[in-house]
2 protein chains.
Amino acid sequence: MTDDDRVFKALADPTRRFLLDLLFARDGRTLTELESGLEMTRFGVMKHLRLLEEAGLVVTRKSGREKLHFLNPVPIRLIHDRWIDKYTERPVSALAELKAELEDES
Amino acid sequence: MTDDDRVFKALADPTRRFLLDLLFARDGRTLTELESGLEMTRFGVMKHLRLLEEAGLVVTRKSGREKLHFLNPVPIRLIHDRWIDKYTERPVSALAELKAELEDES
DNA sequence: AAGATAGGTGACCGAATGGTCACATGTCCA
DNA sequence: TGGACATGTGACCATTCGGTCACCTATCTT
């Protein structure tokens with residue numbers, strides 16, 4: 001399993017993306033705290049967090065009996081860089097904004 | 001199945017990412033042409049291209065009996081925007097470049 | 001018209017994935 | 001010290017996914 005394979009596989013599940021959303025909103029949460037926002041057992045959440053950590057999308061730090069989780073955005077940026085040319089970045093970004101606005105209105 | 005779910009699922013497979021790489025290098029290829037670069041039957045490649053198209057990562061145009069495939073980078077940009085804050089974008093980008101350089105050297 | 005070429009459909013099978021549970025370890029606090 | 005709390009492990013099962021095949025339609029060329 002290559003490095004980027006782990007990243008893309010990790011992002012393929014909606015629960016794991018939601019976990020990233022939670023951490024994007026506020027970092028440094030524990031497993032129990034993250035679990036409370038999901039309709040799933042602790043074990044399911046743990047498995048998801050492990051995959052995110054192995055992919056490098058989440059980094060952790062232990063503090064006593066707690067494990068704190070932090071979002072690491074670098075792999076996301078690398079995805080972007082893989083298929084978006086530096087020279088065409090500006091127009092693509094404009095299109096992305098347009099699409100986001102249209103969806104907000106509807 | 002939501003829109004972004006389709007995108008992330010589509011990106012989860014290495015063959016599909018390689019197809020995007022091929023189209024990023026040069027657009028407008030046919031199924032047969034894309035198939036020739038892969039060790040897989042035409043049917044496998046067809047399935048992958050269909051998922052990429054349903055995700056909006058690839059757009060197509062028919063020309064006679066041929067179907068031409070083009071890369072659409074907009075969904076990629078939206079992934080980026082989801083977890084990378086506009087205000088912290090610059091430092092993250094710098095880190096991403098550093099990581100890419102380090103991997104080139106090793 | 002007829003063969004060759006490009007693409008398409010539905011069924012099928014082995015492998016990987018998402019989720020749960022019984023059970024276990026380490027840490028905090030009364 | 002003992003119980004409550006936070007996290008961890010391995011086995012297990014249903015579902016999804018990647019890939020192939022038999023068979024089919026549409027277009028081009030001579």
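Remember, it's a predicted structure, so these values are computed and weren't measured experimentally.
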**Prompt:** Okay, side chain of Arg42(A), backbone of Ser36(A): is any donor-acceptor separation there less than 3.5 Å?
**Reply:**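 Side chain of Arg42(A) to backbone of Ser36(A), a donor-acceptor pair under 3.5 Å: no, none is there.
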**Request:** Could you tell me whether a side-chain N or O of Asn72(A) sits under 3.5 Å from a main-chain N or O of Leu57(A), the two making a donor and an acceptor?
**Result:**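 No, Asn72(A) side chain to Leu57(A) backbone: no donor-acceptor pair under 3.5 Å.
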Would you kindly give the [atom1]-to-[atom2] distance between [X] and [N], to the nearest whole Å?
{"X": "Leu49(A)", "N": "dG8(D)", "atom1": "CG", "atom2": "P", "answer": "9 Å"}
{"X": "Lys67(A)", "N": "dG8(D)", "atom1": "NZ", "atom2": "C1'", "answer": "9 Å"}
{"X": "Glu54(B)", "N": "dT9(C)", "atom1": "CD", "atom2": "C1'", "answer": "14 Å"}
{"X": "Glu66(A)", "N": "dG8(D)", "atom1": "CD", "atom2": "C1'", "answer": "15 Å"}

**Request:** Give me the bend of the helix from dA1(C)-dT30(D) to dA30(C)-dT1(D), using the axes of the five pairs at each end, rounded to 10°.
**Result:**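 Nearest ten degrees gives 30° for this helix.
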**Asked** Mind checking what makes side chain to side chain contact (heavy atoms under 4.5 Å, CB included) contact with Thr32(B), not counting sequence neighbours?
**Response**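 Thr32(B) satisfies side chain to side chain contact (heavy atoms under 4.5 Å, CB included) with Thr30(B), Glu35(B) once adjacent residues are dropped.
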**Message:** Under the rule for side chain to side chain contact (heavy atoms under 4.5 Å, CB included), what residues qualify as partners of Leu51(A), not counting sequence neighbours?
**Reply:**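 If we apply the side chain to side chain contact (heavy atoms under 4.5 Å, CB included) test to Leu51(A), skipping adjacent residues, the hits are Arg16(A), Glu54(A).
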Set out, line by line, the N/O atom pairs under 3.5 Å between protein and nucleotides 11-20 of chain D.
unit_1: dG18(D); atom_1: OP1; unit_2: Arg16(B); atom_2: NH2; d: 2.9
unit_1: dG19(D); atom_1: OP2; unit_2: His48(B); atom_2: NE2; d: 2.4
unit_1: dG19(D); atom_1: N7; unit_2: Lys47(B); atom_2: NZ; d: 3.1
unit_1: dG19(D); atom_1: O6; unit_2: Lys47(B); atom_2: NZ; d: 2.3
unit_1: dT20(D); atom_1: OP2; unit_2: Thr41(B); atom_2: N; d: 2.9
unit_1: dT20(D); atom_1: OP2; unit_2: Thr41(B); atom_2: OG1; d: 2.9

**Message:** Filter on side-chain hydrogen bond (donor to acceptor under 3.5 Å, both in side chains), then keep only pairs touching residues 56-66 of chain B, sequence neighbours left out; what's left?
**Reply:**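 Those involving residues 56-66 of chain B are Glu53(B)-Thr60(B).
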Which donor-acceptor pairs under 3.5 Å do side chains of residues 1-10 of chain A form with protein atoms, sequence neighbours excluded?
unit_1: Thr2(A); atom_1: OG1; unit_2: Asp4(A); atom_2: OD1; d: 3.0
unit_1: Thr2(A); atom_1: OG1; unit_2: Asp5(A); atom_2: N; d: 3.2
unit_1: Asp4(A); atom_1: OD2; unit_2: Arg82(A); atom_2: NH1; d: 3.2
unit_1: Asp4(A); atom_1: OD2; unit_2: Arg17(B); atom_2: NE; d: 3.4
unit_1: Asp5(A); atom_1: OD1; unit_2: Arg17(B); atom_2: NH2; d: 2.8
unit_1: Asp5(A); atom_1: OD2; unit_2: Lys9(A); atom_2: NZ; d: 3.4
unit_1: Arg6(A); atom_1: NH1; unit_2: Met1(A); atom_2: O; d: 3.4
unit_1: Arg6(A); atom_1: NH2; unit_2: Met1(A); atom_2: O; d: 3.2

**Request:** Give, ordered by number, those residues of residues 56-63 of chain A having at least one heavy-atom distance below 4.0 Å to an atom of DNA chain C; if nothing qualifies, reply none.
**Result:**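 Residues of residues 56-63 of chain A under 4.0 Å from DNA chain C: none.
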**Message:** For DNA chain C, which residues of residues 20-32 of chain B approach it to below 4.0 angstrom with any heavy atom?
**Reply:**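 Of all residues in residues 20-32 of chain B, the ones placing a heavy atom under 4.0 Å from DNA chain C are Thr30(B), Leu31(B), Thr32(B).
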**Item:** side-chain hydrogen bond (donor to acceptor under 3.5 Å, both in side chains) involving Lys47(B) - partner list, sequence neighbours excluded
**Value:**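 Not a single residue meets the side-chain hydrogen bond (donor to acceptor under 3.5 Å, both in side chains) criterion with Lys47(B).
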N/O contacts under 3.5 Å, protein versus nucleotides 1-5 of chain D?
unit_1: dC5(D); atom_1: O2; unit_2: Arg65(A); atom_2: NH1; d: 3.1

**Request:** Just jot down the ring pair (Phe, Tyr, Trp, His ring centres under 6.0 Å) partners of His48(B), sequence neighbours excluded, or say none.
**Result:**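 Counting only residues at least two positions away or on another chain, His48(B) forms no ring pair (Phe, Tyr, Trp, His ring centres under 6.0 Å).
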**Asked** Can you name the residues that form a salt bridge (charged side-chain N to carboxylate O under 4.0 Å, His left out) with Asp81(A), not counting sequence neighbours?
**Response**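 Asp81(A): salt bridge (charged side-chain N to carboxylate O under 4.0 Å, His left out) contacts with Arg77(A).
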